[in-house]
*Asks:* 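My questions will all concern the structure given below.
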There are 2 protein chains.
Amino acid sequence: MLSVAYSAEAKHLNAARLAPQPERLEELFCAVPRESFEAGEGVFWEGDQADHVFKVSEGVLRVFKIIADGRRVITGFLYAGDLVGLSLKDRYLYSAEAVTPVRLRRLARKPFAEALEKWPDLRPQFFARVCDEMATAQDQMVLLSRKSAEERVATFLMLLARRLHGCHPIGRRIHLPMSRLDMADYLGLTIETVSRTITKLVARGVISPEGRHDFAICKPGKLLALCGDGDSYEDTIDREPKMRQAIWPH
Amino acid sequence: MLSVAYSAEAKHLNAARLAPQPERLEELFCAVPRESFEAGEGVFWEGDQADHVFKVSEGVLRVFKIIADGRRVITGFLYAGDLVGLSLKDRYLYSAEAVTPVRLRRLARKPFAEALEKWPDLRPQFFARVCDEMATAQDQMVLLSRKSAEERVATFLMLLARRLHGCHPIGRRIHLPMSRLDMADYLGLTIETVSRTITKLVARGVISPEGRHDFAICKPGKLLALCGDGDSYEDTIDREPKMRQAIWPH
DNA sequence: CGGTTATTTGACGAGGTTCAACCTAGGTGG
DNA sequence: CCACCTAGGTTGAACCTCGTCAAATAACCG
């Protein structure tokens with residue numbers, strides 16, 4: 001935890017002192033060896049002492065919570081380069097499991113926090129990561145709160161497309177490493193609804209299946225429109241009066 | 001307020017010198033005057049340059065996003081003592097409006113960031129705030145993703161009860177300053193469903209209305225059970241085997 | 001007191017879930 | 001090399017929760 005950082009003993013700084021100053025947050029992790037996890041294997045569990053911060057180096061991780069009756073909510077999928085366990089205090093708020101075979105680097109919280117104290121340049125980078133995490137969480141709240149099944153699936157596909165090849169996923173293929181159940185638990189739907197929605201998108205020629213876990217995006221514009229994010233300019237103008245009524249009921 | 005007294009005195013003593021080191025993050029805000037907003041008034045808008053950080057000093061704020069068709073998602077309600085605009089980069093990710101008449105203090109981002117650099121003691125406090133924000137966001141994702149209308153409303157009431165008087169809301173009254181529409185947009189429901197659900201809870205004697213915006217919690221245990229969080233210890237143990245099966249489908 | 005807005009209540013329908021059957025791919029063993 | 005087996009995925013039909021539309025009621029404000 002950050003609060004212990006500035007009172008750290010010298011011995012905790014040893015590793016850091018020997019290492020050159022990292023230029024980027026990610027480089028902190030280069031010193032430690034990589035650990036491997038098989039698909040389905042757990043990395044840590046909700047409620048565990050949050051001793052470590054992780055950097056995914058290969059593969060995909062799912063992060064989730066369980067509530068009554070065993071209902072599961074996947075709050076995110078993490079890809080190579082993503083950091084896990086940043087915005088935590090003493091306990092993990094969620095569990096993490098490997099979706100695919102995963103390799104990751106583990107850094108104890110203490111040296112991580114010490115590095116942040118020692119090298120101020122790292123702090124904005126750290127902060128930016130946390131902000132991204134927050135922004136993602138907010139988008140997910142929007143999705144879960146107000147989007148239809150179709151919009152949810154479209155948004156998810158768009159998200160993966162963007163992650164895999166920048167902002168112009170035209171005609172590109174996307175790979176869905178996770179099961180339909182994972183998707184469902186991420187999108188707040190059931191596997192059946194996810195499956196049906198995908199079928200519908202395929203039928204309309206928006207995407208085209210290339211095996212069960214790969215799709216080609218045939219109509220990226222259409223897919224974007226289906227996300228329901230309403231970021232087109234005309235839309236904004238057209239709905240202004242209606243919005244005012246809805247937003248400011250006073 | 002204590003923090004006001006501290007600030008005034010310290011400022012006097014250190015007139016021409018460096019500002020005094022604030023003991024707490026919140027005290028940073030004591031120097032600036034309070035601004036007032038009427039109910040329904042906007043404080044900042046999604047997409048605006050994120051120049052300031054705010055501390056609510058009185059009243060309740062709602063924080064929300066708008067998507068296509070004017071659909072609104074309220075991502076949070078902020079009460080006295082809460083900080084707004086912490087986990088942001090250059091632009092606000094959401095809009096903020098006053099639910100009730102609000103008084104708040106505004107601090108420019110730059111001095112805020114400088115204070116964080118200058119006084120390391122503030123950083124863990126800042127970090128803790130951000131973590132709480134994240135934890136809240138995750139709980140909200142769980143609510144929106146997997147909870148029934150009844151569970152959502154119960155969770156909301158419980159949240160307010162806890163905020164108003166600690167962890168034991170037995171027999172206590174809660175005040176809902178926001179409209180049913182606000183509640184609906186926060187819980188991912190419609191006003192009608194919110195209304196009906198409340199009516200049902202009243203009919204079952206779980207809560208009892210005292211005007212439209214005040215309720216007494218008659219059966220806090222029952223209300224807690226209705227939240228669907230399954231956070232009782234026995235529950236966790238009992239469902240362990242079932243969970244494992246659900247979590248690792250491989 | 002009258003007009004306005006928020007909330008409640010009712011009837012109905014749609015979107016999504018549930019339950020169940022079926023299909024498909026990938027792995028295993030004969 | 002093929003048949004079988006199994007887990008994951010798809011499809012169908014009934015059901016149900018919640019959303020929609022409409023009207024009634026209750027609080028609010030001048």
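Every chain is numbered from 1 and lettered A, B, ... according to where its sequence line falls, protein lines coming before strand lines.
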*Asks:* Closest nucleotide of DNA chain C for A/S148 versus for B/I191: which of these residues is on the 5' side?
*Replies:* B/I191

*Asks:* Any carboxylate oxygen within less than 4.0 angstrom of a Lys/Arg side-chain nitrogen, looking at B/R72 and B/D182?
*Replies:* yes

*Asks:* In this structure, how many angstroms lie between the P atom of C/dT5 and the CG atom of B/D182, rounded?
*Replies:*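 The distance from CG of B/D182 to P of C/dT5 comes to 17 Å, rounded to the nearest Å.
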
*Asks:* Check the side chains of B/T75 and B/K65 for a donor-acceptor pair under 3.5 angstrom, ignoring hydrogens and angles.
*Replies:*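 There is no such pair between these side chains.
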
*Asks:* Counting only N and O atoms by type, is there a donor-acceptor contact under 3.5 Å from the side chain of A/R105 to the main-chain atoms of A/V32?
*Replies:* yes

*Asks:* Taking only side-chain nitrogens and oxygens of A/T193, does any of them come within less than 4.0 Å of OP1 or OP2 of C/dT17?
*Replies:* yes

*Asks:* If the cut-off is 4.0 Å, is A/T190 near the phosphate of C/dT17, judged by side-chain N/O to OP1 or OP2?
*Replies:* yes

*Asks:* What integer distance in Å separates A/L189:CG from D/dT10:P?
*Replies:*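 Interatomic distance, CG of A/L189 to P of D/dT10: 14 Å.
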
*Asks:* Will you find, in the side chains of A/S195 and A/R180, an N or O donor that is under 3.5 Å from an N or O acceptor?
*Replies:*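 No, because no side-chain N or O of A/S195 sits under 3.5 Å from a partner of the opposite role on A/R180.
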
*Asks:* Return the nearest nucleotide to the side chain of B/R212; candidates are C/dT7, C/dA20, D/dG9.
*Replies:*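 Looking only at side-chain atoms, B/R212 lies closest to C/dT7.
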
*Asks:* Would you kindly check whether a donor in the side chain of B/R196 faces an acceptor in the base of C/dG10, or vice versa, at under 3.5 angstrom?
*Replies:* yes

*Asks:* Rounded off to whole Å, could you give me the CG-to-P distance for the A/D185 and D/dG8 pair?
*Replies:*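 Computing the A/D185:CG to D/dG8:P distance gives 13 Å.
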
*Asks:* Would you mind checking if A/R91 and A/E46 are paired as a salt bridge, meaning a charged N to carboxylate O distance below 4.0 Å?
*Replies:*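 Salt bridge flag = no for A/R91 with A/E46.
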
*Asks:* Nearest-Å distance, NZ (A/K147) to C1' (C/dG16)?
*Replies:*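 So the two atoms are 18 Å apart, to the nearest Å.
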
*Asks:* Nearest whole Å is fine: how far is C/dG16 P from A/L187 CG?
*Replies:*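 One finds 12 Å between P of C/dG16 and CG of A/L187, rounded.
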
*Asks:* Is any side-chain N of the basic residue among B/E150 and B/R196 closer than 4.0 Å to the acidic one's carboxylate O?
*Replies:*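 B/R196 and B/E150: not salt-bridged.
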
*Asks:* End-to-end bend of the helix from C/dC1-D/dG30 to C/dG30-D/dC1 (five-pair axes, 10° rounding)?
*Replies:*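 Answer for the end axes of this duplex: 30°.
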
*Asks:* Ignoring hydrogens and angles, tell me if any N or O in the side chain of B/R162 forms a donor-acceptor pair with the backbone of B/L157 under 3.5 Å.
*Replies:* no

*Asks:* Toward the 5' end of DNA chain D, which comes first, B/K200 or B/E192, by nearest nucleotide?
*Replies:*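 Whichever sits nearer the 5' end wins; that is B/K200.
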
*Asks:* Counting heavy atoms from C-beta on, name the nucleotide in D/dC18, C/dT9, D/dT11 closest to the side chain of B/T199.
*Replies:* C/dT9

*Asks:* Of the nucleotides D/dG12, D/dG9, D/dT20, which has the atom closest to the A/H213 side chain?
*Replies:* D/dG9

*Asks:* OP1, OP2 of D/dT10 versus side-chain N and O of A/S195: anything below 4.0 Å?
*Replies:* yes

*Asks:* Can you tell which of A/F37, A/Y92, A/F64 makes a ring pair (Phe, Tyr, Trp, His ring centres under 6.0 Å) with A/F44?
*Replies:*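 The residue from A/F37, A/Y92, A/F64 that satisfies ring pair (Phe, Tyr, Trp, His ring centres under 6.0 Å) with A/F44 turns out to be A/Y92.
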
*Asks:* Does A/I198 reach a base, just sugar-phosphate, or nothing at all? Heavy atoms under 4.0 Å.
*Replies:*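 Touches nothing.
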
*Asks:* In whole Å, I'd like the distance from the CD atom of B/E210 to the C1' atom of D/dA27.
*Replies:*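 Rounded to whole Å, this separation is 17 Å.
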
*Asks:* Whole-Å distance between C/dG15 P and A/E151 CD?
*Replies:*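 Interatomic distance, CD of A/E151 to P of C/dG15: 12 Å.
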
*Asks:* CZ of A/R180 versus P of C/dT17: gap in Å, rounded?
*Replies:* 16 Å

